[in-house]
Amino acid sequence: LVEYSNNKSLNLPKNTHNFFSLLMHVREISIEEIEKKIFPVDIEGRLFEARFKYLGEDIIAVSNKGILTDKIEITLFALNPDQPAVTELTDVFNWKIASNEGKIWLEKDKPRRIIKTEFYLSPTWLTAKMVEHEK
């Protein structure tokens, strides 16, 4: 049972993630298994299935250093496209993330930090990137 900020509650399937916990969880999944799993995701009371596709390795520049990453595509599929959100839309990220695919770049080596993300927010791509490399 999940209780939202407006005191509404919803029973969710076991092991359902919110979008941010999904991003943290994918860091623990081996590349060999990433395309085999489907994850239930709750975005403001709307249920989705998240699927991943491995797109290969990429080097992302951070503070003049190249970090080897695994590039992964995320696609969300609404389980009930007409289902309204349980809460008011909280921000543009949650509003748009459920309607598009995105990509994440995970550091190849541990701790497998998320180095970069991209999501299409019409009419442009929203990109977040690590800007300073910490040891």
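For clarity, every value in this text was computed on a predicted model and none was experimentally measured.
- Taken from CG in Leu23 to CG in Asn18, the straight-line distance is 9.0 Å, to the nearest 0.5 Å.
- Contact check for Thr16 versus Val41: no side-chain heavy atoms found under the 4.5 Å cut-off.
- Put simply, the side chain of Arg27 never gets that close to the backbone of Leu106: no donor and acceptor are under 3.5 Å apart.
- When the side chains of ILVMFWY residues are joined at heavy-atom separations under 4.5 Å, either directly or via intervening members, Ile31 and Leu22 end up in a single hydrophobic cluster.
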For Leu47 and Leu12, what are the C-alpha separation, side-chain angles and deciding distance, and is it a side-chain contact (heavy atoms from CB on, under 4.5 Å)?
CA-CA 8 Å; Leu47 296 177; Leu12 298 177; 3.4 Å; yes
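- Shown here are the ring pair (Phe, Tyr, Trp, His ring centres under 6.0 Å) partners of Phe52, two or more places apart in sequence or in another chain: Phe39.
- Checked against side chain to side chain donor-acceptor pair (under 3.5 Å), Arg112 has the following partners two or more places apart in sequence or in another chain: Asp70.
- Taking CZ of Phe48 as the reference point, atom CD of Gln83 lies at 8.0 Å (rounded to 0.5 Å).
- With values rounded to the nearest 0.5 angstrom, Asp58 atom CG is found 11.5 Å from Lys103 atom NZ.
- Glu49 is linked by a side chain to side chain donor-acceptor pair (under 3.5 Å) to Arg51, counting only residues two or more places apart in sequence or in another chain.
- The hydrophobic cluster containing Leu68 does not contain Ile29, counting ILVMFWY residues as joined when their side-chain heavy atoms lie under 4.5 angstrom apart, directly or transitively.
- Between Phe19 and Phe119, the ring planes are perpendicular. Angles over 60° get that label, and only those under 30° would be called parallel.
- Residues Lys108 and Tyr54 share a closest heavy-atom pair of NZ-OH, 3.8 Å.
- Annotation for Thr117 and Ile104: closest pair CG2-CG2, 3.7 Å, computed over non-hydrogen atoms.
- Here the shortest heavy-atom pairing between Val131 and Ser63 reads O-OG, 3.1 Å.
- Between Ile59 and Gly66, the shortest heavy-atom distance links the atoms CG2-CA, 3.6 Å.
- The two residues Lys14 and Pro40 come nearest to each other via the heavy atoms O-CG, 4.2 Å.
- Between atom CD of residue Glu28 and atom CD of residue Glu33 there is a gap of 12.0 Å, rounded to the nearest 0.5 Å.
- Using a distance-only test at 3.5 Å, with no hydrogens or angles considered, no donor-acceptor pair links the side chain of Lys116 to the main chain of Lys71.
- Salt bridge present: Arg113 and Glu107 bring a charged side-chain N and a carboxylate O closer than 4.0 Å.
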Determine, stepwise, if the pair Ile114 / Val26 fulfils side-chain contact (heavy atoms from CB on, under 4.5 Å).
CA-CA 10 Å; Ile114 298 170; Val26 76; 5.6 Å; no
